[in-house]
Structure formats: structure tokens, C-alpha cells
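Just so it is clear, the values below take in all heavy atoms, side chains as well, and ignore hydrogens, waters and symmetry mates. Residue indices begin at 1 and follow the sequence shown.
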Amino acid sequence: MIKEYKSISEVAGPLMLVKDVEGVSYDELGEIILPSGEVRQCKVLEVNGPNALVQLFESAAGINLLDSKVRFLGKGIELGVSEDMLGRVFDGLGRPNDNGPEIIPEKYLDINGLPMNPAARDYPAEFIQTGVSAIDGLNTLVRGQKLPIFSGSGLPHANLAAQIARQAKVLGGESNFAVVFAAIGITFEEADFFISDFKRTGAIERTILFTNLANDPAIERIATPRIALTAAEYLAFDKGMHVLVILTDITNYAEALREVSAARKEVPGRRGYPGYMYTDLATLYERAGRKKGFEGSITMIPILTMPEDDKTHPIPDLTGYITEGQIILARELHRKGVVPPVDVLPSLSRLKDKGIGRGKTREDHADTMNQLFAAYSSGKQSKELMAILGEAALSDVDLLFAKFADEFENRYVSQGFETDRSIEETLELGWELLGLLPRGELKRVRDEYLDRYLPAALTEISAHHESELIDDRKSCSLEDGEA
């Protein structure tokens, strides 16, 4: 028998104090029954003796202290899961938000999940193709990995997130691949962009989309990524699917965490965030991975905007400790028109070596990746010298490296948000760019690979130059005709 209480003593914004309660526990779900019969949900934030502090999932408007009742349900938030969730759009609490029918659940799962036993974890070792050269070729994503994207305010991380969700696939296992996309604390325009983009491209058919809007309660924002991960765990470990989870924006989640912490009058840590934020973020990130004896897996790409583009801010700082690398978007490249503006030099995938090579991508992948990194770094240094000393101070080789850096940004990194490159196309483009440099400078590639792949790349370069010359002649003849 669920007991009802008419002992609401105080309502302050989204917080409500209920006195003289029995057997109520932290994180328990509750319902507020208004005199009109309307029911609103709440969650227990704190229990102090016979008093319970609860936070509302909805507005506190219209709550009458005298006539409203509260009942506690004896359980936390649960999500009803089913394969029918694929192709559907839900709100931040897992309720259908696309005018479609209610889901008939196969079972109900606690959104906090169960910790994955470290001994049961399987090592990530399979390549996931995102279709984005800067990730696939240089900072490879591996099945079961946690690879965050560090962005800045105003940078096109939403477009990149949608592109990865559209294009990502496990080679040879496309039919068993799903995407769980959680948009946390976003505007209505951003939510509409994701929904319409997924529907336009047909990606919605293999996607479960959760949208928590900026005007939704902070307590719902904390639940949204957990609900998304619960759906992902069901697809991965009950249905044997390869699931890619994209969470955007983790910064909005951390702000909600700070807001709830302040409401509970907790002692703040760095920049006002709660001292347990590292542990809290780990409860999200560590739900990704592979389990021994299970076919499915969860791969995670959390996206966060760095306040003031500061990599040392607590949110990216703590995220970097828990996850296996980072993809960084650069404002400088964005200003140059590089799309997507991935800054490859500070970006890192710590597990990339496990997912590339013979039988996974191609045997020359590791060598070309190392050589592209080294050549781009040398090219950037040459460009900096050119800016200080002038072009005349550079050697012929330095000028070639400077040209390589420009071509690398314009052709390899900048591919647009609609281009889906296979790993073979990415590797061939890498060889084509390396063909701009003298063979003697390609010291990180084995001779056998140079003999096998470089001649074809040089042929491609000459064909590319010929087409450029033809285009130039056409434009010249058109200008002469106009004159």
C-alpha cells in the first residue's frame, strides 16, 4: 500500500519540502497529486530524519500546500525498453515525443544501470568507420571506446555529431548497428535540426533519439544521459547489437549537476561544480565498453563545449581523465573555412593502434598515419617561420612542407558534413598528399609500402594537376570571350 502525505510545508522554485515521511530513500521517485487530479513527478534529493527534500520534474505552478498530496513509489526512475524504440524520438525522460504510439515495454530497467565488472570487460579492438577522415585516418574510433569531442561555443559540433550518427558503421556488421543519440539541454532549433536531419537521411530508422530541451528541469537533464545509456545497454547486451552512443552537450549536464548541488547546499568544488563531479561523470562514461561472452558493445562519443575554449576547465579536464582520448575542434580552422574544423595535432585516440592494420583497416594505415602527423607538424612549423622570416628564408623542402600543410587542411581534414569517405578513400587520399613530398622525407613509412602505394599516388597527383590546368584554361578562355 503506497502511503500519501498531505504534509508539504514549503515550495521554493523546483524544490519542495515534505515533512513527517516514513521509509523514504534518496533518489526515490515520487508523485504530487494536485487538487484538480493532475499528477506531477518528482525525485527525492535529500532525506533528513522525517523530512524529505524533493525536486520537481515539472513546474511548481498551481501547487496548493494545503490540498496537494505526495506519494513515494519506492523505486527510482525506470525505463521501459523494447526494440520498437528504434526509429523513435523521445523526451528527456523516455516518453514518446514524435506523436507516435506508446512503446509496449519488453521489460523495465533502472536508469542507473549496473556497474560493469572490470574483469568481465573485453578489450576494444575493432575499427568503427565514421566516414570522417580526420577521425578514421588519424584518431581512429574503436568498438567499445569512449572518445569525446571537445568543442567551443559557436563551433559546428552539432553538425559533426549528426554526420557521425548518420555515417558510422562497423565494417561487416552494418545490419546489427544502432545509434542512441541523447541531446542534453539544447534549444528547440537544435532539436529540430537533429530530428529533421535524421529523417531526411533515413538514419532515424536505426536511431533512438532522446531530446532534453534547455527549458526542461535540471533534474530531467541529469536523467537524460542515463536513460539513453539504459536503452543502449538493452540493445547491446540483450539484443547483441553494436551501439554508438552520442551525448551532446555534456557541459549542459554538468551545469545541471552544479544547479542541483547548489540547491542541496553542498560544499562547492572547482568553479562551483560539486566535488563528486569526477565520480558522477565516470558513472556515465564507464557504462560504455565490451563484455566477455556478449556479442554487442557500447561505443561512446560524448560532446562538450569548453567554456572560453579552455581545455583546463573542470569538465573537459575530468572527461579527459576518464575517457580514451579526445577530438578537438579548433576555432582557427573554423575561421579558415575548414569543415569539420578538427585540430588533428592535439587530438588523440589512445586505442587507435588496436583498431587498425591488416585485417581491420589496411596494413599501411599505421605508417601513413604517423607520417601524416609528422609532415603536418613540420608544415605548420614552416608556415610559422614563413610568417616571421618571410618565404625567402625557407628552403625548398620547407616550402614543400608548408604547401603540404595547406593541402592537408583543405583536402584531407576539410571534407564537408555530407561527404562519407570509406577507410580506403581516406588512406588513398593520405598517400596522394604524401606524394607531394620527396620520397627521402617519408622516413616513417616502410619501403615495402612506399613501393606498393606511392607510384599510384603520384599518378593520381599528376591527373589532379592536369584537371586543374584544364579548369584554369577554361576559366581563362571564358574571361577572354567576355572581354
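The 12-atom threshold is not exceeded at CZ of Arg444, counting heavy atoms of other residues, nucleotides or ligands nearer than 6.0 Å. Annotation: Tyr276, atom OH; neighbour count of heavy atoms from other residues, nucleotides and ligands within 6.0 Å is above 12. Around atom NZ of Lys336, more than 12 heavy atoms belonging to other residues, nucleotides or ligands sit under 6.0 Å away.
Here the closest heavy-atom approach between residue Gly94 and residue Phe210 is recorded as CA-CE2, 4.0 Å. Minimum heavy-atom separation, Pro274 to Arg258: CD-CA, 3.9 Å. A pairwise comparison of heavy atoms in Ser297 and Ala236 identifies O-CB, 3.6 Å as the closest pair. Between Thr426 and Arg421, the shortest heavy-atom contact is OG1-CB, 3.8 Å. Across all their heavy atoms, Ala402 and Met386 have their closest contact at CB-CE, 3.8 Å. Here the closest non-hydrogen pair linking Tyr412 and Gly137 is OH-CA, 3.4 Å.
The aromatic rings of His365 and Phe127 sit perpendicular to each other, their planes meeting at more than 60°, with 30° as the lower class boundary.
Between Asp364 and Arg452 no salt bridge is recorded (no basic side-chain N to carboxylate O distance below 4.0 Å). With respect to the salt-bridge test (charged N to carboxylate O, under 4.0 angstrom), the residues Arg411 and Glu432 qualify. Here Lys239 pairs with Glu106 in a salt bridge; the nearest charged N to carboxylate O distance falls below 4.0 Å.
Judged purely by distance below 3.5 Å, without hydrogens or angles, the side chains of Asp280 and Tyr253 pair a donor atom with an acceptor atom.
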Decide yes or no on side chain to side chain donor-acceptor pair (under 3.5 Å) for Tyr449 and Arg362, but give the supporting numbers first.
CA-CA 11 Å; Tyr449 299 148; Arg362 210 168 71 182; over 6 Å; no
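The distance between the ring centers of His313 and Phe150 does not fall below 6.0 angstrom.
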